[in-house]
Chemist: 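Sharing a structure with you now.
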Number of protein chains: 2
Amino acid sequence: MKTKENYLKAMYMIVQEGKSISLSLLSEKMGVSIPTANSMVKRLDDMGLVKYRKYKPLELTPKGKKAAGRILRKHRIAEMYLVEQLGFSWEEVHDIAEEIEHIPSEKLFDKMDEALGFPETDPHGSPIPDKNGNMSSTCYAKLADMESGQTVRLCAIHKSDAPLLKFLNQKELKLGTIIKILHIEPFDKSMTVSYDDFSEVVLSNDVCVRLLVEVC
Amino acid sequence: MKTKENYLKAMYMIVQEGKSISLSLLSEKMGVSIPTANSMVKRLDDMGLVKYRKYKPLELTPKGKKAAGRILRKHRIAEMYLVEQLGFSWEEVHDIAEEIEHIPSEKLFDKMDEALGFPETDPHGSPIPDKNGNMSSTCYAKLADMESGQTVRLCAIHKSDAPLLKFLNQKELKLGTIIKILHIEPFDKSMTVSYDDFSEVVLSNDVCVRLLVEVC
DNA sequence: TTGAATGATTAGATTAAGCAAATATATAAA
DNA sequence: TTTATATATTTGCTTAATCTAATCATTCAA
Ligand SMILES: [Mn+2]
Ligand SMILES: [Mn+2]
Ligand SMILES: [Mn+2]
Ligand SMILES: [Mn+2]
């Protein structure tokens with residue numbers, strides 16, 4: 001079941017990113033060849049989790065969407081648990097959660113959820129779906145789209161991966177940090193910002209497009 | 001790797017029980033057919049984890065023994081963590097630990113171990129191997145082998161399974177309980193014992209052979 | 001409207017993990 | 001010593017998940 005769960009989750013997240021699910025994109029996200037993904041989606045179709053028609057974009061069925069949402073819930077609860085209860089840093093937890101999410105015990109995740117006080121987001125600010133796999137759609141803005149002079153709160157990291165998260169550690173930027181935009185360089189759209197004890201930090205546009213914020 | 005790890009652990013535990021590793025016993029413990037176990041041990045031999053010679057009893061190599069001990073360590077740390085930190089009951093944790101033990105993160109188990117204060121045993125009193133897979137050999141006596149009038153401490157459960165553990169819950173017998181043997185029925189070797197607030201509890205021999213105790 | 005280019009599909013093979021049926025070996029009983 | 005029994009092995013087949021190479025379909029640009 002583990003492999004199929006990972007395919008479903010990948011498809012779910014492609015939809016979340018607003019893209020349509022093609023075999024090439026799916027195979028790329030899954031790190032397998034296109035024929036491999038092709039034969040897998042046929043099997044998922046047989047199981048009623050995916051709608052597959054030759055040469056048409058793939059779709060998750062309601063059943064598939066629900067299954068994927070529940071895996072994502074387990075993944076994000078696990079990540080939060082690893083950070084909050086076991087003292088892991090936010091860049092260390094994804095790979096471990098990638099395994100934990102496949103443990104077939106509802107109760108394990110209920111217990112972790114309870115120990116955490118039923119958090120709404122994972123350590124990277126992404127929302128945790130409910131027990132039915134439904135996820136609330138948060139609509140944060142990108143820091144990159146803000147204007148000079150605005151003050152914002154860092155709420156989530158888009159496509160959080162270890163290199164970005166380590167970079168943010170180094171800059172002491174964490175969720176909840178209040179950031180003031182001092183200047184935007186027109187040439188490369190890099191931003192000079194201040195926050196906490198830092199009075200002049202320059203952030204490239206590559207970074208700013210991945211910092212999701214809320215005006216405050 | 002998961003399947004192979006389960007085979008190694010099963011072989012390790014057969015040795016612990018003082019038996020020689022036959023394909024029929026191994027296949028029974030693994031819940032697979034004998035030919036399946038046969039082809040698996042050949043592959044484990046290729047990997048240098050098992051010594052396989054046709055028609056001879058199977059052996060774990062030092063490498064195989066170490067690998068098995070390390071999985072057992074992960075299993076028992078996980079069980080202890082589930083009971084102590086997440087509030088599971090001792091009869092619920094085995095199946096979950098059976099999955100957690102295969103997560104390939106040393107650090108996860110180090111963190112759990114640390115949170116627990118480096119326990120020496122799992123929730124059923126079985127010793128936790130060290131990081132090199134070496135397990136201390138505890139030599140408790142069976143309650144069934146004790147004599148009338150003796151007072152003992154319940155230290156571990158032999159072959160702890162959910163039905164036995166639930167029975168012990170019902171009798172409020174837990175590790176550490178001090179038990180006084182009041183009478184042994186010669187006919188069926190059942191014991192009448194007292195402990196805590198219970199002044200006359202009868203335990204069948206089936207139960208007594210699985211309660212490991214220390215005279216105190 | 002006809003090609004490329006891109007993307008999807010099929011065909012054929014591999015490896016891990018499993019099974020049942022048939023056969024072979026070892027051992028203990030006669 | 002022979003035979004019966006238990007155990008082990010081989011053979012041949014299955015399914016899940018993967019690959020490469022070859023072919024097919026769709027679409028967009030000329
Ligand atoms: Mn993650
Ligand atoms: Mn996963
Ligand atoms: Mn166990
Ligand atoms: Mn296991």
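None of these values were measured; they are calculated from a predicted model. We use all heavy atoms of the structure for the numbers below, so side chains are in, but hydrogens, waters and symmetry mates are not.
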Chemist: How close or far is atom P of C/dA17 from atom CE of B/Met30, stated in whole angstroms?
Modeler: 10 Å

Chemist: Would you tabulate the pairs of protein nitrogen or oxygen atoms and nucleotide nitrogen or oxygen atoms of nucleotides 23-26 of chain C closer than 3.5 angstrom?
Modeler:
unit_1: C/dT25; atom_1: O4'; unit_2: B/Tyr55; atom_2: OH; d: 3.1

Chemist: In whole angstroms, how far is the P atom of C/dT15 from the NZ atom of B/Lys4?
Modeler: 13 Å

Chemist: Who passes side-chain contact (heavy atoms from CB on, under 4.5 Å) against A/Asp113, sequence neighbours left out?
Modeler: A/Arg73, A/Ile77, A/Phe118, A/Pro119

Chemist: Restricting to nitrogen or oxygen on both sides, can you table the protein-nucleotides 11-13 of chain C pairs closer than 3.5 Å?
Modeler:
none

Chemist: Listed by chain and number, what are the side-chain contact (heavy atoms from CB on, under 4.5 Å) partners of A/Ile184, not counting sequence neighbours?
Modeler: A/Ser148, A/Ile181, A/Met191

Chemist: Sequence neighbours left out, cut at 3.5 Å: what donor-acceptor pairs do the side chains of residues 60-67 of chain A make with other protein atoms?
Modeler:
unit_1: A/Thr61; atom_1: OG1; unit_2: A/Gly48; atom_2: O; d: 2.7
unit_1: A/Thr61; atom_1: OG1; unit_2: A/Leu49; atom_2: O; d: 3.1
unit_1: A/Thr61; atom_1: OG1; unit_2: A/Lys63; atom_2: N; d: 3.4
unit_1: A/Thr61; atom_1: OG1; unit_2: A/Gly64; atom_2: N; d: 3.0
unit_1: A/Lys63; atom_1: NZ; unit_2: A/Met47; atom_2: O; d: 3.0

Chemist: Excluding sequence neighbours, so at least two apart, what forms side-chain contact (heavy atoms from CB on, under 4.5 Å) with A/Glu5?
Modeler: A/Met1, A/Ile71, A/His102

Chemist: Heavy-atom contacts under 4.0 Å between residues 14-23 of chain B and DNA chain D, which residues?
Modeler: B/Ser22, B/Leu23

Chemist: If I compare all heavy atoms of A/Pro129 with all of A/Met135, which pair ends up nearest, and what's the gap?
Modeler: CG-SD, 3.9 Å

Chemist: Any side-chain heavy-atom pair from A/Val215 and A/Met146 closer than 4.5 angstrom?
Modeler: yes

Chemist: Go through DNA chain D in 5' to 3' direction and return only the first and the last nucleotide with some atom under 4.0 Å of chain B's heavy atoms.
Modeler: D/dA8 to D/dT10

Chemist: Show the nearest heavy-atom pair for residues A/Phe109 and A/Ile100, with the distance to one decimal.
Modeler: CZ-O, 3.3 Å

Chemist: Just so I know, are the side chains of A/Leu58 and A/Met11 near enough to count as touching, which here means a heavy-atom distance under 4.5 Å?
Modeler: yes

Chemist: Ignoring hydrogens and angles, tell me if any N or O in the side chain of B/Lys74 forms a donor-acceptor pair with the backbone of B/Ile103 under 3.5 Å.
Modeler: yes

Chemist: Report the residue from B/Arg76, B/Lys2, B/Lys9 that forms a salt bridge (charged side-chain N to carboxylate O under 4.0 Å, His left out) with B/Glu98.
Modeler: B/Lys9

Chemist: Any salt bridge linking B/Asp161 with B/Arg210? Criterion: basic side-chain nitrogen under 4.0 Å from a carboxylate oxygen.
Modeler: yes

Chemist: Can you confirm whether the side chains of B/Ser190 and B/Asp188 place a donor and an acceptor under 3.5 Å from each other?
Modeler: yes

Chemist: Atom CD1 of A/Ile34 to atom C1' of C/dA5: distance rounded to whole Å?
Modeler: 14 Å

Chemist: Please check: side-chain N/O of A/Thr36 versus main-chain N/O of A/Val32, any donor-acceptor pairing under 3.5 Å?
Modeler: no

Chemist: Would you jot down, in residue-number order, the residues of residues 36-49 of chain B having a non-hydrogen atom under 4.0 Å from DNA chain D?
Modeler: B/Asn38, B/Lys42

Chemist: Quick check on the helix from C/dT1-D/dA30 to C/dA30-D/dT1: what's the angle between its two end axes, five base pairs per end, to the nearest 10°?
Modeler: 20°

Chemist: Charged N to carboxylate O under 4.0 angstrom, A/Glu214 versus A/Arg153?
Modeler: yes

Chemist: If a pair satisfies side-chain hydrogen bond (donor to acceptor under 3.5 Å, both in side chains) and one of its residues is in residues 130-140 of chain A, list it, with sequence neighbours excluded.
Modeler: A/Asp110-A/Lys131

Chemist: Establish, yes or no, whether a centroid distance under 6.0 Å links the rings of A/His75 and A/His94.
Modeler: yes

Chemist: Does anything in residues 15-27 of chain B form a salt bridge (charged side-chain N to carboxylate O under 4.0 Å, His left out)? List the pairs, not counting sequence neighbours.
Modeler: B/Glu17-B/Lys19, B/Glu17-B/Lys29

Chemist: So what does A/Ser24 hit on the nucleic acid, given a heavy-atom distance under 4.0 Å: a base, only sugar-phosphate, or nothing?
Modeler: sugar-phosphate

Chemist: Would a 4.5 Å heavy-atom cut-off, applied to side chains only, mark B/Ile21 and B/Pro57 as touching?
Modeler: no

